[in-house]
Amino acid sequence: MTQAQHNNFIEVTNVWQQYADQVVLERLNLSISEGEFCTLVGASGCGKSTFLRLLLGQERPSKGQILLAGKPLAGEPDASRGVVFQRYSVFAHLSVLDNVAIGLELVQSPLLGRLFGNAKREAREQAAELLTKVGLGHALDKYPSQLSGGMQQRLAIAQALIMKPRVLLLDEPFGALDPGIRKDMHTLLLELWNEIKLTVFMVTHDLAEGFSLGTRLLVFDKPRIDPHAPNAFGARITYDIPLNPQRRANRAVFDELPAHVAASLQPAV
Amino acid sequence: MRLINRHPDRAGRLMLVLLPFALLLFAYFVGSANRLAENANDKLLPSATQMVAAVDRLAFTEDKRSGNYLFWQDTLSSLKRLGMGLGIAALVGLCLGMAAGTLPLLSAPLSPLLTVLSMVPPLAILPILFIVFGLGELSKVMLIVIGITPVLARDLEQRAREIPTELLIKAQTLGANTWTLMLRVVLPHLLPRLLIALRLVLGSAWLFLIAAEAIASTDGLGYRIFLVRRYLAMDVIVPYVIWITLLAWLMDLGLRQVARLAFPWYEGAKA
C-alpha cells in the first residue's frame, strides 16, 4: 500500500444529504487514514447517524462522493464494513455461537447460507474463539434474550469482527448501558482496536466517551440557522480534533514493523 | 380490596374456569329433562343417554350399508381436507407474505392485489369453485385455501415489515445475499408468526370446510350434520358439534405447543 492511499483510506468529497427540502448534511469534506478511531459527536438531529448510514451504504449521498480505499463506496451494505447498532444488532433466533458463526456461513455458502459437517464445525470453532476473547465464552449456547444489554453488545461486536471488516461503524453502541458496564466495553473496544487493523467510526452522545476513546473527534453542528426555515441548512463538521496522540503514535510504530515481527508480538493494550 | 387487585389462587382459578362450562351443561340437561318429561319423543334437546346411544351407533357399530364406522370415516375425511387446505395455504401464504414483506419490487404488485383478494367473500365464489374444480375433493380444499391464504399472506407481510431494518442491514454486512437473507433471517422470524396466524384462522378454515361439505359431499363431519338435520337428529348433531369443537381446540393447542417447542427463542425475543 502506498503512502498516499494510506493517508486517504476514506475520502469524503463535498457530500450533501437531503430528504425532500430538509438538508441534513452539507458540504462535508473529510479524509481519514486507515486505523483511525473517529468519534462523532453533536446535538440530536445533527446528521451523525446519517453520516454513518452513508458510510455503511444504507443511504447514498444526494451530492458528492465517498471513496473507500480509492474506490467509490458500494451503494449497499456489504462485508467490508461491519456495524453495531444501539438495539436490534443480534439475531434473536440464533444462539450466541450461531450469531457469530452465521457470518462465516453466509459468506461460504451463497446458496443455502448454511454450512454442514466439518465446515460447520470449523466455523463454530472460529466463532467460539472470538467469543471467548470478548468475554462470552461461558454463554455460547444461550439466546441473546437471555443476555444482559452489555453482553448483547459484546456479542454484536464479535459478530461484526468475525467478518474481519476494514471499517467498523458503531451507532451509539453503549447508549443503553450502565456506566460501569460502559467502562468495560470501552476497554474491550480499545483492546480490539489495538489488536486488529481497524478503522472505527463511533457515534456517541457521551462527550467524555468521545474524547477518551477516539484518536480523532468530529463535531457535527449547524453553523447557519434560518429561524424561518430551520431545515434549509444542514450540519457540517465544525471541529475536527486530533486526540490521544500517544495511542496514535503507538499504532503508527506498530504498523511500521515488518509483518513477521508484528505477527509474533502480543500487542500491548 | 379493589376488585382490580384481587387474583384467584390456583384452586380458585380452576373452579372459575370450570364454572361456566358446568353452568352451561346444567342448564342444558335441566332443559332436556323438562322437555322429555313432557313429551318422551321430543327431539330438540336429547338426553345424555340418547346422545351416547347415537355416538355408539355411529362410532362403534359398523354401518349396515357400507360396513364403515361412519363417525371415524367422517372425521378422517374432514381432517384430511382441513389439513391439506391449511398446509397449502400456509405454504403459499408464507411465500407470498415473505416476498411482499421483504422485497420492495414484489411488494408493489403484490400488496394491493392481496388486499383486494382478501375482500372477496370465499363462500360467494364457492359455486365457481364447484364449476371449475368439480364436486370432488379439490374444490373443498380450494375453498379453504382461497379463504385463508390472503389473510395469512397479509399477516406475514406485515410481520416481515416489522423485522427491524437493523437486522436486515446487519445480515448484509455479514455477507448475506437477498436469498440467504430471507432464508436465514426473515424465514426464521416468520415461522413462529405463521403458527400464530394459523391458530387465528383455524376457525375460518373449519367454517369453510363445513360449508363445502354441507353443499356437496358424501362424507365428512359437515356432511353428516347437514344430512341428519332432515330427521331432526339432534342426538347426532350435538355430539358432532362437540367433537368438532374439541378437534379445533386440540389443533389450536397443538400449534401452540409446536411453536413453544420449535421456537424457544420467540417468547424471550418479544420482550
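On a predicted model such as this, the values are computed, not experimentally measured, just so you know. We name chains A, B, ... by the order of the sequence lines, and we start the count at 1 in each one.
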Asker: Under 4.5 Å heavy-atom distance to chain B, tell me which part of A:Phe85 shows up: side chain, backbone, both or neither.
Answerer: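 The answer is the side chain of A:Phe85.
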
Asker: So, do B:Lys170 and A:Val83 sit near enough that their side-chain heavy atoms are less than 4.5 Å apart?
Answerer: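 With C-beta onward as the side chain, the pair touches.
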
Asker: So A:Tyr143 and B:Pro264, do their side chains get closer than 4.5 Å, heavy atoms only?
Answerer: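 A side-chain contact exists here, since the closest heavy-atom pair is under 4.5 Å.
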
Asker: Determine the option with the most heavy-atom pairs under 4.5 angstrom with chain B, choosing from A:Val107, A:Ile102, A:Asp171, A:Ile162.
Answerer: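 Most heavy-atom pairs under 4.5 Å with chain B: A:Ile102.
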
Asker: Check whether A:Asp78 reaches the backbone of B:Gln172 with its side chain - one donor and one acceptor, N or O, closer than 3.5 Å.
Answerer: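 Not confirmed, A:Asp78 side chain does not pair with B:Gln172 backbone.
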
Asker: Which answer fits A:Leu104, side chain, backbone, both or neither, if we ask what part of it has an atom under 4.5 Å from a heavy atom of chain B?
Answerer: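 A:Leu104 has no heavy atom closer than 4.5 Å to chain B.
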
Asker: Does any backbone or side-chain atom of A:Gln146 lie under 4.5 Å from a heavy atom of chain B? Answer side chain, backbone, both or neither.
Answerer: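 Interface part for A:Gln146: neither.
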
Asker: Is it true that a side-chain atom of B:His189 and a backbone atom of A:Phe91 form a donor plus acceptor pair closer than 3.5 Å?
Answerer: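 Side chain of B:His189 to backbone of A:Phe91, a donor-acceptor pair under 3.5 Å: no, none is there.
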
Asker: Checking A:Ser109 against chain B: side chain, backbone, both or neither under 4.5 Å from a heavy atom?
Answerer: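 A:Ser109 touches chain B through backbone heavy atoms alone.
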
Asker: What part of B:Leu167 gets within 4.5 angstrom of chain A, counting heavy atoms only: side chain, backbone, both, or neither?
Answerer: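 Both backbone and side chain.
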
Asker: Any non-hydrogen side-chain atom of B:Ile169 less than 4.5 Å from a side-chain atom of A:Arg53?
Answerer: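 Sidechains of A:Arg53 and B:Ile169: no contact.
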
Asker: Nearest 0.5 Å please: distance from the CD atom of A:Gln159 over to the OG1 atom of B:Thr173.
Answerer: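 The OG1 atom of B:Thr173 is 7.5 Å from CD of A:Gln159, to the nearest 0.5 Å.
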
